[in-house]
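Here is the structure we will look at, set down as structure tokens.
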Amino acid sequence: MSRKITLLDGAVGTTLWNIAEAHGVPKIPVWRYNIEHPEFVGELTEKYLEAGSEIILANTFGANGPSVKHSSDYKVAEVVSAGVKITKNILSGTGVKTCMSVGPLTQILEPYGDLEEDECRAIYEEMIKAGVDAGCDMIMIQTFMDLAMMKIAAEVAKTTGLPVFCSMTFEKVGKTMFGNSVQDTIDELTPLGIDAI
């Protein structure tokens, strides 16, 4: 059985903070750099391109409605669109794909928290639509700890027709903070037609 290994990037947020620090710019929510310092995001994209990444994540991980509203006067669409377009423009003509990055929300779903499923879905619909409209090639839903929340984001992403990847964050005991195992993740996401887990 032959396998093809595809190289992505990694540590987008912390690397952006390092770039900002090197330029004497303070740490802020990294999605704000899409608008306030797009040159940092471009520099990061170029570094990953030079390193051999075949798929590069746009700087959109935490650019969801509640976070954007809490930390700026920007609109989700402008932040996400800027992030995707910066990466896409640098990768133009290289064959390297631009992948929208979608992270978990800081709120917790009912019954453990106050976030209702419909509200969660609407947040991801707004965010993912902005990335698709900006021309991302695929969607990575990443570093989730709550499988229920990931499933909502994945369902929204699958409606776009683009390839969808999912990754979760596990504790040393082999389960997420919410008690989800690797097998739980596979069992819940496989029927959705996720392209990679």
Side-chain angles (χ1 to χ4, degrees), residues 9 11-17 19-20 23 25-46 48 55-92 97-110 113-146 148-167:
D9 56 17
V12 170
T14 51
T15 309
L16 273 172
W17 276 334
I19 291 170
H23 289 277
V25 175
K27 285 184 179 180
I28 54 175
V30 292
W31 47 261
R32 282 178 48 186
Y33 295 137
N34 293 343
I35 295 172
E36 296 170 26
H37 287 283
E39 69 278 11
F40 297 170
V41 183
E43 182 180 332
L44 178 70
T45 303
E46 287 169 353
Y48 285 132
I55 296 171
I56 296 180
L57 297 175
N59 181 34
T60 56
F61 176 79
N64 58 70
S67 292
V68 171
K69 185 176 182 180
H70 179 263
S71 301
S72 75
D73 293 324
Y74 302 130
K75 302 287 187 225
V76 170
E78 67 181 320
V79 173
V80 171
S81 179
V84 170
K85 287 178 178 175
I86 292 164
T87 301
K88 196 168 180 66
N89 288 342
I90 289 171
L91 300 181
S92 178
K97 302 294 186 187
T98 298
C99 185
M100 179 184 186
S101 171
V102 178
L105 307 178
T106 54
Q107 304 99 308
I108 297 174
L109 279 168
E110 293 179 334
D114 298 328
L115 182 64
E116 296 178 2
E117 186 175 319
D118 288 349
E119 184 183 359
C120 179
R121 189 174 302 277
I123 291 167
Y124 283 120
E125 284 172 346
E126 178 186 37
M127 183 184 186
I128 290 170
K129 180 182 187 305
V132 173
D133 288 349
C136 68
D137 300 304
M138 53 193 65
I139 300 166
M140 168 74 86
I141 299 166
Q142 60 178 124
T143 64
F144 277 61
M145 291 175 278
D146 180 2
M149 184 179 285
M150 171 170 270
K151 193 172 175 187
I152 292 169
E155 287 170 349
V156 172
K158 283 302 292 182
T159 66
T160 67
L162 295 176
V164 177
F165 309 148
C166 291
S167 76

Fill in: Phe61 to Pro104 - nearest heavy-atom pair and separation
CZ-CD, 3.7 Å

Discussion item. Take a 6.0 Å sphere around NZ of Lys129 and say whether it holds more than 12 heavy atoms from other residues, nucleotides or ligands.
Written reply: no

Item to complete: Begin from the C-alpha positions of Leu115 and Met149 and carry the test side chain to side chain contact (heavy atoms under 4.5 Å, CB included) through to its verdict.
Response: CA-CA 10 Å; Leu115 182 64; Met149 184 179 285; 4.0 Å; yes

Worksheet entry | Candidate pair Thr60 and Val84, rule side chain to side chain contact (heavy atoms under 4.5 Å, CB included), full reasoning | CA-CA 7 Å; Thr60 56; Val84 170; 4.2 Å; yes

Worksheet item: From Glu46 CD over to Thr87 OG1, what is the distance, rounded to the nearest 0.5 angstrom?
Response: 10.5 Å

Worksheet item: So do the side chains of Val41 and His37 get within less than 4.5 Å of each other, counting heavy atoms only?
Response: no

Discussion item. Using a 3.5 Å distance criterion without hydrogens, assess whether the side chain of Asn34 forms a donor-acceptor pair with backbone atoms of Ala82.
Written reply: no

Worksheet, complete the sentence: Hits for side chain to side chain donor-acceptor pair (under 3.5 Å) against Ser67, two or more places apart or cross-chain, chain-then-number order -> Asn64

Fill in: Test log, rule side chain to side chain contact (heavy atoms under 4.5 Å, CB included), inputs Glu36 and Ile28
CA-CA 10 Å; Glu36 296 170 26; Ile28 54 175; 3.4 Å; yes

Worksheet item: Between Thr159 (side chain) and Val156 (backbone), is there a donor-acceptor pair under 3.5 Å?
Response: yes

Discussion item. Nearest 0.5 Å, please: how far is CG in Leu44 from CG in Asp9?
Written reply: 7.0 Å

Worksheet entry | Distance, nearest 0.5 Å, that separates OG of Ser101 from CE of Met138 | 13.0 Å

Worksheet item: Shortest non-hydrogen contact from Gln107 to Ile123?
Response: NE2-CD1, 4.5 Å

Worksheet item: Between Gly42 and Ile86, what is the shortest heavy-atom contact and its length?
Response: N-CG2, 3.7 Å

Discussion item. If you define the side chain from C-beta out and look only at heavy atoms, does anything of Asn59 sit under 4.5 Å from Val12?
Written reply: yes

Discussion item. Tell me the closest heavy-atom pair linking Tyr33 and Ala20, and the distance in Å.
Written reply: OH-CB, 3.3 Å

Worksheet entry | Residue pair Trp31, Ser71: steps toward the side chain to side chain contact (heavy atoms under 4.5 Å, CB included) verdict | CA-CA 10 Å; Trp31 47 261; Ser71 301; 3.8 Å; yes

Worksheet item: Can you tell if the side chain of Ile128 reaches within under 4.5 Å of the side chain of Ile139, non-hydrogen atoms only?
Response: yes

Item to complete: Output the distance between atom CG (Asp137) and atom NZ (Lys88), rounded to the nearest 0.5 Å.
Response: 4.0 Å

Worksheet item: Atom SG of Cys120 and atom CD1 of Ile108: how far apart are they, to the nearest 0.5 Å?
Response: 12.0 Å

Worksheet, complete the sentence: In this structure, CG of Leu16 is separated from NZ of Lys27 (nearest 0.5 Å) by 12.0 Å

Worksheet, complete the sentence: Looking only at heavy atoms, the pair that brings Gly13 and Val30 closest together is O-CG1, 3.6 Å

Discussion item. Using a 6.0 Å cut-off, check whether atom NZ of Lys97 has over 12 heavy atoms from anything other than its own residue.
Written reply: no

Discussion item. If I compare all heavy atoms of Ile152 with all of Glu117, which pair ends up nearest, and what's the gap?
Written reply: CD1-CG, 3.4 Å

Discussion item. Less than 4.5 Å apart, side chain to side chain, heavy atoms only: is that true for Leu105 and Tyr124?
Written reply: yes

